[in-house]
Amino acid sequence: EAQVTQNPRYLITVTGKKLTVTCSQNMNHEYMSWYRQDPGLGLRQIYYSMNVEVTDKGDVPEGYKVSRKEKRNFPLILESPSPNQTSLYFCASSSTGSPDSYEQYFGPGTRLTVT
Amino acid sequence: AQSVAQPEDQVNVAEGNPLTVKCTYSVSGNPYLFWYVQYPNRGLQFLLKYITGDNLVKGSYGFEAEFNKSQTSFHLKKPSALVSDSALYFCAVRERNTGGFKTIFGAGTRLFVKA
């Protein structure tokens, strides 16, 4: 089954404790992206990656890091989480070959609470 | 800079009536436009897209959307609403820049369909 998986699904942590949210896709997609969803703000792009070792900032990259060492994986790293990073996070992937395949496939989401 | 506006936080419609969820956008070049739906406690699912060609595009679950270049709008429509259509709907625009693809989402519109 084609899918994007994220782990963990729920995470409660404390300020300053480094964490990683994993994302993996099995569709051989070149493009992967991280978003955060906050009430009234919709989804905001954190980082995206066009392919292995190619990443770029979205609109809200502060406080986050990413890496793309393998095509299927795109982990999101919070090195020193703060309460304002409490949010619902989504990973997504898509093809880049043709505009007809530009729609994104989303993971189930990770609900992060930083106290 | 690209932007997406969904002017209505909430749309209420009776089952069987037509529905419209509005979206306007601003991009510097030709837009790639998308609608996604989010059901409670779920990730986002792709509904439909406009890339080029016919201004009326058809998607999943009987939804369609009309691209209007002069009004920079991409409104989502359905001729006859179902209670099961109740969900959160996001309009998104994707634009290619020098770094790759950035995606901007609207704030979302919550659709309530009453039986």
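Order of the sequence lines sets the chain letters (A, B, ...), proteins ahead of strands, with each chain counted from 1.
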If you count heavy-atom pairs under 4.5 Å with chain B, which of A:Tyr102, A:Phe90, A:Tyr105 comes out on top? A:Tyr102

Identify which part of B:Leu88 has an atom lying under 4.5 Å from any heavy atom of chain A, answering side chain, backbone, both or neither. side chain

Scan B:Phe63, B:Tyr36, B:Phe74 and name whichever one has a ring-ring contact (aromatic ring centres under 6.0 Å, His included) with B:Tyr89. B:Phe63

Which atoms of A:Ser94 approach chain B - backbone, side chain, both or neither, heavy atom under 4.5 Å: side chain

At a 4.5 Å cut-off on heavy atoms, which part of A:Leu43 comes close to chain B: side chain, backbone, both, or neither? both

Contacting moiety of B:Ile51, where chain A heavy atoms sit under 4.5 Å: side chain

What I want to check is whether the side chains of A:Arg36 and A:Tyr64 have a donor and an acceptor closer together than 3.5 Å. yes

Contact class of B:Lys49 relative to chain A, heavy atoms under 4.5 angstrom: side chain

Below 4.5 Å from any heavy atom of chain A, which atoms of B:Arg94 appear? Answer side chain, backbone, both or neither. side chain

Between B:Asn68 and B:Gln71, the two heavy atoms sitting closest are OD1-N, 2.9 Å

Check this for me, if you would: do A:Glu79 and A:Lys65 make a salt bridge, where the nitrogen-to-carboxylate-oxygen distance has to be below 4.0 angstrom? yes

Part of B:Gln45 lying under 4.5 Å from any heavy atom of chain A: neither

Do B:Phe101 and A:Tyr35 sit in one hydrophobic cluster, given that two such residues count as connected whenever their side-chain heavy atoms are within less than 4.5 Å of each other, even indirectly? yes

Between the side chains of A:Asp38 and A:Arg44, is the shortest nitrogen-to-carboxylate-oxygen separation below 4.0 Å, so that they form an ion pair? yes

Could you verify whether a donor N or O on one side chain and an acceptor N or O on the other, from B:Thr109 and B:Gln6, lie under 3.5 Å apart? yes

A:Gln37 portion near chain B, given a 4.5 angstrom heavy-atom threshold: side chain

